[in-house]
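Model, not experiment: these values are computed from the prediction. Just so you know, ligand 1 is whichever comes first in the structure, and atom 1 is the first atom listed for that ligand.
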Amino acid sequence: MPLDASAAPEIFHSACPHDCPSTCALEVERLSRTKIGKVRGARGNDYTAGVVCAKVARYAERVHHPGRLTRPLRRVGAKGEGLSAFEPVSWETALDAVAEGLLLAEQRHGSEAVWPYFYAGTMGLVQRDGIERLRHAKRYARQHSTICTTLVATGWKAACGVRRGVDAREMVESDLIVVWGCNPVSTQVNVMTHIAKARKARGAKLVVVDPYRTGTAEQADIHLALKPGSDGALAAAVISVLLAEGYADRDYLARYSDWDAELEAHFAACTPDWAAAITGLAAEEIRDFARLYGSTQRSYLRLGYGFSRARNGASNVHAVTCLPTVTGAWQYRGGGAMQGQSGIYGLDETLIQGLDALDPGMRLLDQSRIGPILTGDRRDLGDGPPVTALFIQNTNPVVVCPESAKVAEGFARDDLFVCVHEQFMTETAAMADIVLPATTFLEHDDLYVASGHTYLQVAKAVIDPLAECRSNHEVLCALAARLGAEHRGFEMTAWEMVDETLRASGLPDAETVHAAHWHDCAQSFEEMHFLNGFGHADKRFHFRADWAALGPDFAAMPALPGHSEAFDRSTAERPYRLVAAPARSFLNTSFTETPGSLQREERPSVLIHPETAEALGVGGGDRIRIGNELGSLVIAVELFDGLQKDVVVVESIWPNSAFEEGQGINLLISADPGPPTGGAVFHDTAVWLKPA
Ligand SMILES: Nc1nc2c(c(=O)[nH]1)N[C@H]1C(S)=C(S)[C@@H](COP(=O)(O)OP(=O)(O)OC[C@H]3O[C@@H](n4cnc5c(=O)[nH]c(N)nc54)[C@H](O)[C@@H]3O)O[C@H]1N2
Ligand SMILES: Nc1nc2c(c(=O)[nH]1)N[C@H]1C(S)=C(S)[C@@H](COP(=O)(O)OP(=O)(O)OC[C@H]3O[C@@H](n4cnc5c(=O)[nH]c(N)nc54)[C@H](O)[C@@H]3O)O[C@H]1N2
Ligand code: SF4
Ligand SMILES: [Mo]
């Protein structure tokens with residue numbers, strides 16, 4: 001029956017699955033069993049508060065995109081050519097071929113030659129993490145997931161012991177909000193909703209700490225445009241002013257932290273003049289900010305991921321997290337700090353991830369080092385076998401990973417079997433032997449937790465799967481049967497997995513949460529503010545980080561919070577520092593296929609200070625060559641005065657093919673693991689610039 005065009009569309013509840021701290025509660029218009037209309041933020045959810053980003057509001061563009069993969073494909077032409085190099089095959093044929101590829105690799109080199117590889121294309125736990133169950137059941141090589149959260153989580157945990165913080169909804173009760181190394185206008189728009197409420201309700205001030213004038217910084221009362229990698233110095237100098245000028249809460253420090261005379265002396269030496277030289281800020285700017293911060297009890301520090309993406313990132317995160325402990329801001333409503341709430345949910349993922357089958361003796365390979373790994377780097381492989389088979393879901397490593405020239409070289413290997421399960425013909429899928437078509441979140445069931453808020457959500461499919469698309473869970477179950485992988489999770493539906501996981505975690509069952517749309521997992525005020533103690537065994541906040549407990553490369557870490565020189569500092573040959581920040585209209589490489597996003601982003605460009613451009617003899621719109629020891633690429637110049645003269649910014653992540661020479665910005669990003677336990681260093685790159 002044709003739909004009555006005048007009938008109001010049905011509204012379905014869902015949750016945004018994209019890799020974004022906001023995990024918005026959604027209302028989706030369904031026009032038919034196969035078509036959606038508008039997507040809105042759920043008004044009834046007090047974090048989402050009716051707001052979603054522009055790219056998801058236009059989601060119909062993505063889910064109904066003509067480029068969606070609809071059938072399994074087998075490559076018959078050259079790698080990297082795209083759709084024309086593939087022929088459609090049946091699911092039976094495709095799955096048999098994948099099983100054969102993985103089994104052959106296992107026979108030749110052992111099970112650790114197979115590397116299931118994934119990230120967070122969907123953040124739904126069943127569809128994202130189920131690949132771990134196949135891995136463990138088959139004793140394949142493990143993945144050290146370092147591309148995003150490792151550095152920030154390590155720095156935060158060194159300080160607070162556990163990954164949680166003051167509820168973002170308390171921002172409305174704050175008098176000062178400091179957004180540090182985070183660009184919510186682009187990357188998690190809902191933060192701005194809560195900042196706007198605080199400004200309206202109490203005239204709260206907004207400070208943004210970011211190397212360039214982002215959309216967020218434009219809205220700030222104060223923008224501290226420091227040099228990338230200098231946050232530890234800034235934080236230490238702020239602390240020195242807080243101590244010297246009577247803003248420290250010494251009772252709080254004594255009761256809740258490991259404070260002592262040595263720390264007192266250490267910070268006393270970290271003066272604003274000392275930090276000015278490192279950060280490129282004026283000593284007065286630092287002092288003024290310290291006074292504002294010190295004189296405000298209800299100061300809320302919202303830490304992002306951006307400033308952790310450096311070799312000294314974990315130590316910088318640790319240093320910044322010290323601020324509310326010095327002033328005792330944690331004690332007050334609207335005061336304290338938050339980076340992510342992943343530590344509050346306490347979900348038991350044994351079933352989803354097959355943790356009962358995990359053998360920790362299986363080799364662990366660093367996700368961010370896929371380039372070196374595929375090209376045979378002994379630092380990663382030791383005396384183990386090469387990786388000769390990849391099974392990939394939920395990620396686009398050919399574009400998003402560091403040292404992308406090596407990634408491309410690795411994927412081009414003739415002896416490497418690759419299966420990619422995808423929604424689109426990404427540049428990674430184009431390198432695969434077999435490509436499988438994936439559902440979107442609107443076509444499958446899942447369970448979601450968030451980083452930026454405290455709600456757990458459960459969502460059911462809103463529309464039927466497109467054409468022959470299958471969910472990650474279905475594909476894993478079908479492969480498990482062919483590979484002889486045994487686990488009871490492979491006999492269950494996604495919905496049954498959601499339900500059992502919730503019950504095993506002591507939470508309401510799936511239907512109950514679904515009927516309510518979400519379940520708030522926030523802990524008490526005392527817990528979220530660490531008033532019952534911090535997450536360490538001694539319950540104290542740690543100014544002295546126990547880096548050795550957090551990773552093997554602890555020797556590089558500073559003993560006390562402050563500046564660490566262990567990063568890619570500029571040199572005479574490479575005088576500029578590059579920040580490769582996310583673009584507003586893309587989400588990593590997702591949405592690089594949608595017309596609305598492409599139109600807004602136009603083309604890859606590098607933001608350069610006008611005086612720097614003049615000195616280099618280039619103008620706006622000119623082409624420039626940017627490079628380092630890893631390679632170089634040509635990009636359009638955009639004049640921009642919202643950064644220091646020796647800092648440049650390339651917003652990303654554009655497909656490699658959007659660049660003149662087919663190599664994207666991650667060509668220039670090192671695959672060095674950030675200490676102490678790894679983490680990609682996307683914003684830590686010294687480069688040279690030359691007119692092209
Ligand atoms: N539109 C859009 N939204 C996204 C994404 C996207 O690609 N596009 N990606 C999603 C993902 S996967 C994640 S993890 C989050 C990340 O979201 P955020 O937490 O916002 O982290 P980043 O976007 O990496 O960086 C934020 C800011 O940190 C700044 N920065 C870089 N180096 C430094 C430094 O040394 N010090 C300081 N103080 N700041 C620095 C950058 O200039 C940038 O403006 O966003 C998610 N949301
Ligand atoms: N230069 C630079 N590089 C970066 C960053 C940066 O700031 N600068 N940020 C880094 C960060 S923080 C991250 S998290 C990584 C992210 O990098 P990726 O995890 O690779 O993120 P995307 O590029 O969005 O790729 C996700 C893919 O998953 C697919 N997908 C979505 N849902 C499903 C599903 O249900 N099933 C299957 N099979 N596929 C699905 C999407 O179509 C998409 O192609 O990028 C990193 N790379
Ligand atoms: S802000 Fe983030 S979670 Fe919300 S709709 Fe956009 S991408 Fe999804
Ligand atoms: Mo990320």
To which protein heavy atom is [atom] closest, and what is the distance rounded to 0.1 Å?
atom	result
atom 21 (O) of ligand 1	Gly306 N, 3.2 Å
atom 2 (C) of ligand 1	Phe586 O, 2.9 Å
atom 30 (N) of ligand 1	Pro211 CD, 3.6 Å
atom 12 (S) of ligand 1	Asn588 ND2, 3.2 Å
atom 19 (O) of ligand 1	Tyr305 N, 2.8 Å
atom 47 (N) of ligand 1	Thr187 O, 3.0 Å

Hey, does [X] come in under 3.5 Å of ligand 1, counting only N/O atoms on both sides?
X	value
Gly304	no
His683	yes
Cys20	no
Tyr212	no
Thr214	no
Pro582	no

Just checking [X]: does its [atom1] atom have more than 12 heavy atoms from other residues, nucleotides or ligands closer to it than 6.0 angstrom?
X	atom1	result
Lys227	NZ	yes
Gln599	CD	no
Lys197	NZ	yes

Hey, can you pull the donor-acceptor pairs under 3.5 Å for the side chains in residues 602-610, sequence neighbours left out?
from: Ser605; atom 1: OG; to: Glu638; atom 2: OE1; distance (Å): 3.0
from: His609; atom 1: ND1; to: Glu611; atom 2: N; distance (Å): 3.1

For ligand 1, which atoms, with element, lie under 4.0 Å from some heavy atom of [X]?
X	result
Cys148	14 (S)
Gly181	26 (C), 27 (C), 28 (O), 37 (C), 38 (N), 39 (N)
Trp180	38 (N)
Gly229	34 (C), 35 (O)
Gln188	19 (O)
Asp231	34 (C), 35 (O), 36 (N), 37 (C), 38 (N)

Heavy-atom nearest neighbour of atom 44 (O) of ligand 1 within options Thr279, Asp210, Val579 |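 Heavy atom nearest to atom 44 (O) of ligand 1 belongs to Asp210.
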Which one of Pro21, Ser186, Gly232 has a non-hydrogen atom at the shortest distance from atom 15 (C) of ligand 1?
->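 When every heavy atom of Pro21, Ser186, Gly232 is considered, Pro21 comes closest to atom 15 (C) of ligand 1.
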Which pairs pass salt bridge (charged side-chain N to carboxylate O under 4.0 Å, His left out) with one or both residues in residues 584-600, sequence neighbours excluded?
->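 Qualifying pairs: Arg62-Glu593.
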Taking non-hydrogen atoms only, is [X] closer than 4.0 angstrom to ligand 1 via side chain, backbone, both or neither?
X	answer
Ser652	neither
Lys227	neither
Asp19	both
Cys182	both
Leu226	side chain
Arg584	backbone
Lys55	side chain

Qualifying residue, where the test is side-chain contact (heavy atoms from CB on, under 4.5 Å) with Val209 and the options are Thr279, Leu234, Leu281, Val179 =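 Result: among Thr279, Leu234, Leu281, Val179, Leu234 is the only option passing the side-chain contact (heavy atoms from CB on, under 4.5 Å) with Val209.
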Distance alone, cut at 3.5 Å: any donor-acceptor contact between the side chains of [X] and [Y]?
X	Y	answer
Asp46	Tyr455	yes
Arg163	Thr149	no
Tyr305	Ser451	yes

Would you say the ring centroid of Tyr448 lies under 6.0 angstrom from that of Trp518?
->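 No - the distance between ring centres of Tyr448 and Trp518 does not fall below the 6.0 Å cut-off.
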Note: [X]-[Y] ion pair, threshold 4.0 Å (strictly below):
X	Y	answer
Asp445	Lys460	no
Asp568	Arg577	no
Arg40	Glu29	yes
Arg128	Asp446	no

May I ask whether Ala583 places a heavy atom under 4.0 Å from ligand 1?
->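 Yes, Ala583 has a heavy atom closer than 4.0 Å to ligand 1.
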Side chain Gln143, main chain Ser145, donor-acceptor under 3.5 Å |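 No, Gln143 side chain to Ser145 backbone: no donor-acceptor pair under 3.5 Å.
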For the pair Asn190 (side chain) and Val51 (backbone), establish whether a donor and an acceptor sit closer than 3.5 Å, ignoring hydrogens and angles.
->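 Yes, Asn190 side chain to Val51 backbone: donor-acceptor pair under 3.5 Å.
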Tell me the protein N, O or S atoms under 2.8 Å from atom 2 (Fe) of ligand 3, in chain and number order.
->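 Result, waters dropped: Cys20 SG.
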For Tyr47, is the NZ or CZ atom of Arg169 found under 6.0 angstrom from the centre of its six-membered ring and inside 45 degrees of the ring axis?
->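 Not flagged: Arg169 not positioned over aromatic ring of Tyr47.
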Are Ile36 and Val39 close enough that some pair of their side-chain heavy atoms sits under 4.5 Å apart?
->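 A side-chain contact exists here, since the closest heavy-atom pair is under 4.5 Å.
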Please list, chain by chain and in numerical order, all residues satisfying salt bridge (charged side-chain N to carboxylate O under 4.0 Å, His left out) with Glu565, sequence neighbours excluded.
->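 Salt bridge (charged side-chain N to carboxylate O under 4.0 Å, His left out) check on Glu565 returns Arg569.
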Can you label the angle between the His18 ring and the Phe591 ring as parallel, tilted or perpendicular, going by 30° and 60°?
->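 Plane angle between 30° and 60°, so tilted.
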